[in-house]
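First the structure, in the form of structure tokens, and then the observations on it.
Numbering of residues begins at 1 and proceeds along the displayed sequence. When a ligand or atom number is given, it counts from 1 through the structure's own listing order.
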Amino acid sequence: MAKMKYGHLIKKLKYEDSNGEYMTMPVGADLEGLNVSFAWGYRRQLGAWGGDGGVCHVHPYGETLLFSGLDYDNWNSFPAEIELSMGEEGGKHVINSPTVVVLPPGVPHCPLVSKKVDKPFGFLAVSLSGEHKTEHVSASGAPSPAGKKYGDLVKKLELRDINRKSGGNADYIGWWSGKDMEDFKLNFTWAFHTGLGAWHEKDPHVHPNDECLLFVGLDPDNPEYLGAEIEIAMGEEQEIHVFDTPTVVVAPKGLVHCPLITRRVDKPYSFSAICLNTEHDTTFLG
Ligand SMILES: [Fe+2]
Ligand SMILES: [Fe+2]
């Protein structure tokens, strides 16, 4: 078989086990040098989160935190209650539904504390930097009513039922974009899928920005399991790649990609398109 030209852009996710919680944390160097890092994983433990999630900190770049349930049949549910401290005063915000937290550069955030966990849930952090730059700061701990200053940055994520009758695109999807935020060059989707077939009608397509396509499974005990077999065409050559494990596909700006075709589905799975632009900008070529 001829050497694949775009095989390096199809990256199997590598998970780490931290006390029964599986996380994958690629940085820019793992993503073809893109100006983005992300962390995706499954949380289940009660109490204070470890790592940077355990201490108040700031970044010189924007970051978003997404909290989602893992239950396709209850797609807008969230089976836990998480407390997030934000701001210099350490004001506390409660997360008990699917949520996106938007953190502009310099906004102090964390610790995160899981107060109640009925079932494991999913967590996706996206940072607008290829390298982690984190400075720990001390919150004063002075009482501050929840939502006083930073409540607008905690946004309920409403997944919508697409009422899909055919094709492999999302059944339930929510999204966030930085279009109203100065220089927050990020928009992303979060979705649950079960459909078979082509995702879009007019592929291939191209964007003026870099994009990561994240395919993950919904079994918190089995992070290597996707539950589907996916085919994607890459480049003007339409080189076909197929995968059936959790994967991130890197589509650098200007690179033609798709069609995306779901060949087989054994279990519902999740997908996020992480686009490094304030708004979604797609040119369909099909
Ligand atoms: Fe952070
Ligand atoms: Fe795309």
Side-chain angles (χ1 to χ4, degrees), residues 6 9-10 23 25 27 34 36-41 48-67 82 84-87 90 93 95 100-112 123-129 131-137 139 150 153-154 168-170 173 175 177 184 186-189 191 198-215 230 232-236 238 241 247-261 271-277 279-286:
Y6 300 105
L9 300 177
I10 318 292
M23 296 291 295
M25 291 177 280
V27 297
L34 263 47
V36 70
S37 308
F38 69 84
W40 156 257
W49 291 29
D52 286 337
V55 286
C56 186
H57 65 268
V58 293
H59 310 286
Y61 45 79
E63 182 175 60
T64 59
L65 313 177
L66 179 146
F67 299 81
I82 314 297
L84 169 65
S85 299
M86 284 168 78
H93 302 262
I95 292 159
V100 173
V101 180
V102 181
L103 299 162
V107 172
H109 56 280
C110 290
L112 279 156
F123 173 69
L124 174 67
V126 179
S127 301
L128 286 176
S129 171
E131 288 173 46
H132 291 296
K133 293 178 194 143
T134 300
E135 191 185 329
H136 293 173
V137 294
Y150 294 103
L153 301 177
V154 180
N169 212 335
I173 187 167
W175 56 84
S177 93
F184 216 117
L186 177 65
N187 70 84
F188 59 84
T189 60
W199 288 36
H200 315 118
E201 286 181 358
K202 294 178 178 169
D203 273 334
H205 68 258
V206 66
H207 312 284
N209 52 271
D210 299 320
E211 179 177 61
C212 291
L213 308 175
L214 177 65
F215 301 81
I230 310 281
I232 187 167
M234 299 294 284
E236 288 176 359
Q238 293 281 279
H241 294 264
T247 294
V248 59
V249 177
V250 175
K253 66 179 172 189
L255 180 77
V256 172
H257 56 283
C258 291
L260 196 47
I261 297 169
F271 170 75
S272 175
I274 300 168
C275 308
L276 303 189
N277 201 349
E279 287 198 78
H280 204 69
D281 187 344
T282 302
T283 304
F284 283 99
L285 306 169

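- Of all non-hydrogen atoms in I261 and A198, the two that sit nearest each other are CG1-CA, 4.0 Å.
- The distance cut-off of 2.8 Å around the Fe ion (ligand 1) captures these protein N, O or S atoms, sorted by chain and number: H57 NE2, H59 NE2, E63 OE1, H109 NE2.
- With no hydrogens or angles considered, no side-chain donor-acceptor pair links N209 and H207 at under 3.5 Å.
- Between the side chains of H132 and H59, no donor-acceptor pair is found at a separation under 3.5 Å.
- Checked against ring-ring contact (aromatic ring centres under 6.0 Å, His included), F38 has no partners two or more places apart in sequence or in another chain.
- Distances shorter than 2.8 Å separate the Fe ion (ligand 2) from the protein N/O/S atoms H205 NE2, H207 NE2, E211 OE1, H257 NE2.
- Judged purely by distance below 3.5 Å, without hydrogens or angles, the side chains of E63 and S127 pair a donor atom with an acceptor atom.
- In this structure, F123 and F67 have tilted ring planes: the angle between them lies in the 30° to 60° band.
- The nearest pair of heavy atoms linking E211 to L34 is O-CD2, 4.3 Å.
- Ring geometry, H205 versus H257: the interplanar angle exceeds 60°, so the pair is classed perpendicular (tilted spans 30 to 60°).
- Contacts of D210 classified as side chain to side chain donor-acceptor pair (under 3.5 Å), with partners at least two apart in sequence or in another chain: none.
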